Participant: 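Below: one structure in structure tokens.
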There are 2 protein chains.
Amino acid sequence: MNNLNLGALIKDHRKKAGLTQLELANLAGVGKTTVFDIEKNKETVRLNNLFAVLRVLNIKIEFKSPLTK
Amino acid sequence: MNNLNLGALIKDHRKKAGLTQLELANLAGVGKTTVFDIEKNKETVRLNNLFAVLRVLNIKIEFKSPLTK
DNA sequence: TTAATTTTACCGCTATAACAGTAAAATAAT
DNA sequence: ATTATTTTACTGTTATAGCGGTAAAATTAA
């Protein structure tokens, strides 16, 4: 899905990992502004930056369609 | 997963939909270069552009982690 | 084969994401 | 309450994604 709550999902995972936005940003190798934007569901972020954040939080992406099922 | 074959997945769906890169780009409201880049697994594309392409092809995204399971 | 289509790969230009500061809200801790 | 921490929201600058145009490969159709 075009998950509009991706930001909330990431924030929740970050909190449970005991990380601040700045710590997550440093671990992911992105700027703090980018983490802030991602958690605010700003969809103009770049895919590589999102991937870097997801990797730190151990969140996997799956793509599904009628063809892949 | 940080699906490295997202490009191939999209290309496959596009082909099965009988669309050219240019047609898909127009339907998604992005430039042809963007579709080309996405199919080449260029991860610096912007999330909104990827979402627009996925929507046209009816591909859904899911995020999974030990916490969401 | 040849012709038509599509994909790949450039180009220059424009718009803006990403960045590190900074500072003010908001939240949490004492 | 006060203090410390974190988040939010700006800034100016820099790097580059995205764009249409073009043209050459590659692929497909005739």
Side-chain angles (χ1 to χ4, degrees):
Chain A
M1 245 294 162
N2 187 335
N3 196 338
L4 285 179
N5 277 358
L6 174 59
L9 178 77
I10 289 176
K11 182 170 186 173
D12 181 62
H13 278 69
R14 174 177 63 79
K15 287 291 191 184
K16 284 175 176 160
L19 297 171
T20 66
Q21 289 181 344
L22 182 58
E23 288 170 334
L24 175 55
N26 290 337
L27 285 171
V30 303
K32 61 182 170 41
T33 308
T34 298
V35 169
F36 172 71
D37 288 343
I38 289 176
E39 292 192 354
K40 284 292 177 186
N41 290 309
K42 193 177 170 195
E43 294 192 347
T44 47
V45 294
R46 291 179 196 159
L47 200 56
N48 57 331
N49 287 338
L50 174 62
F51 281 167
V53 168
L54 293 178
R55 194 176 317 118
V56 171
L57 297 176
N58 198 27
I59 300 173
K60 314 288 184 187
I61 298 186
E62 283 186 18
F63 299 95
K64 294 197 174 185
S65 82
L67 294 178
T68 58
K69 284 235 66 172
Chain B
M1 243 294 159
N2 186 335
N3 196 339
L4 286 178
N5 277 358
L6 174 59
L9 178 77
I10 288 177
K11 182 171 187 172
D12 180 62
H13 278 68
R14 174 176 63 79
K15 287 290 190 183
K16 284 174 176 161
L19 297 172
T20 67
Q21 289 181 344
L22 182 58
E23 288 170 333
L24 175 55
N26 290 338
L27 285 171
V30 304
K32 60 182 170 41
T33 308
T34 299
V35 169
F36 172 72
D37 288 343
I38 289 176
E39 292 193 355
K40 285 291 176 186
N41 290 309
K42 194 176 169 194
E43 294 192 348
T44 48
V45 293
R46 291 179 197 162
L47 201 56
N48 57 332
N49 287 339
L50 174 62
F51 281 167
V53 168
L54 293 179
R55 186 161 51 245
V56 170
L57 297 176
N58 197 28
I59 300 174
K60 315 286 184 190
I61 297 188
E62 284 185 17
F63 299 95
K64 293 197 175 184
S65 82
L67 294 179
T68 59
K69 284 233 64 171

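Given the structure is predicted, the values throughout are model-derived calculations rather than measurements. The chains referred to below are lettered A, B, ... by the order of the sequence lines, with proteins before strands, and numbering in each begins at 1.
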Participant: Hydrophobic clusters here meaning ILVMFWY residues chained together by side-chain heavy-atom distances under 4.5 Å, can you tell me if Phe36(A) and Leu19(A) are in one?
Facilitator: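 The answer is no; the residues belong to distinct hydrophobic clusters.
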Participant: Would you mind telling me which residue lines up with the more 5' stretch of DNA chain C, Arg46(B) or Lys40(B), judged by nearest nucleotide?
Facilitator: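 Counting from the 5' end, the first nearest nucleotide belongs to Lys40(B).
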Participant: Show the nearest heavy-atom pair for residues Leu24(A) and Arg14(A), with the distance to one decimal.
Facilitator: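 Shortest heavy-atom contact: CD2-CD, 3.6 Å.
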Participant: So what does Asn49(B) hit on the nucleic acid, given a heavy-atom distance under 4.0 Å: a base, only sugar-phosphate, or nothing?
Facilitator: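 Sugar-phosphate, backbone atoms only, no base.
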Participant: Tell me what Lys32(A) touches on the nucleic acid: a base, only sugar-phosphate, or nothing, going by heavy atoms under 4.0 Å.
Facilitator: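 Base, at least one base heavy atom under 4.0 Å.
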Participant: Atom CZ of Phe36(B) and atom P of dA24(D): how far apart are they, to the nearest Å?
Facilitator: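 Going from CZ in Phe36(B) over to P in dA24(D) covers 17 Å.
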Participant: Among residues 14-23 of chain A, which contact DNA chain D at a heavy-atom distance under 4.0 Å?
Facilitator: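 Contacting residues: Arg14(A), Lys15(A), Thr20(A), Gln21(A).
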Participant: Compare all side-chain heavy atoms of Leu50(B) with those of Leu6(B) and state whether any distance is below 4.5 angstrom.
Facilitator: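 They are in contact (side-chain heavy atoms under 4.5 Å apart), so the answer is yes.
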Participant: Quick check for you: to the nearest 0.5 Å, what is the distance between Gln21(B) atom CD and Lys15(B) atom NZ?
Facilitator: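 Between Gln21(B) CD and Lys15(B) NZ, I get 7.5 Å after rounding to 0.5 Å.
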Participant: Whole angstroms only, please: what is the CG-P distance between Leu24(A) and dC19(C)?
Facilitator: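 Value for this atom pair: 12 Å.
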Participant: Nearest whole angstrom, please: distance from the C1' of dA17(D) to the CG of Asn41(B).
Facilitator: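 Result: 17 Å.
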Participant: Grab the CG-C1' distance between Asn26(A) and dT6(D) for me, whole Å please.
Facilitator: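 Value for this atom pair: 14 Å.
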Participant: dA15(C) P sits how many Å from Lys42(A) NZ, rounded?
Facilitator: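 Checked: the NZ to P distance equals 17 Å.
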Participant: Please report the distance, rounded to the nearest Å, between CD1 in Ile38(A) and C1' in dA18(C).
Facilitator: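 Answer to the nearest Å: 11 Å.
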Participant: Of the options dA17(C), dG20(D), dA17(D), whose atoms approach the side-chain atoms of Thr33(B) most closely?
Facilitator: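 Comparing dA17(C), dG20(D), dA17(D) against the side chain of Thr33(B), the answer is dG20(D).
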Participant: Which whole-number value in Å describes the distance from Asn48(A) CG to dA18(C) P?
Facilitator: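 Value for this atom pair: 8 Å.
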Participant: State which of dT8(C), dA9(D), dA17(D) makes the closest approach to the side chain of Lys11(B).
Facilitator: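 Nearest nucleotide to the side chain: dT8(C).
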Participant: What does Thr34(A) touch in the nucleic acid at a heavy-atom separation under 4.0 angstrom: a base, only the sugar-phosphate, or nothing?
Facilitator: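 Counting heavy atoms under 4.0 Å across all strands, the contact made by Thr34(A) is with sugar-phosphate only.
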Participant: Asn49(B) versus Val35(B): any side-chain heavy-atom pair under 4.5 Å?
Facilitator: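 Asn49(B) vs Val35(B): side chains apart.
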Participant: Compare all side-chain heavy atoms of Ile61(A) with those of Phe51(A) and state whether any distance is below 4.5 angstrom.
Facilitator: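 Of all side-chain heavy-atom pairs linking Phe51(A) with Ile61(A), at least one is under 4.5 Å.
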Participant: For the pair made of CG in Asp37(A) and C1' in dA9(D), what is the distance, rounded to whole Å?
Facilitator: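 Going from CG in Asp37(A) over to C1' in dA9(D) covers 10 Å.
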Participant: For the residue pair Val53(B) and Leu27(B), establish whether any side-chain heavy-atom pair is separated by less than 4.5 Å.
Facilitator: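 No; the side chains remain at least 4.5 Å from each other.
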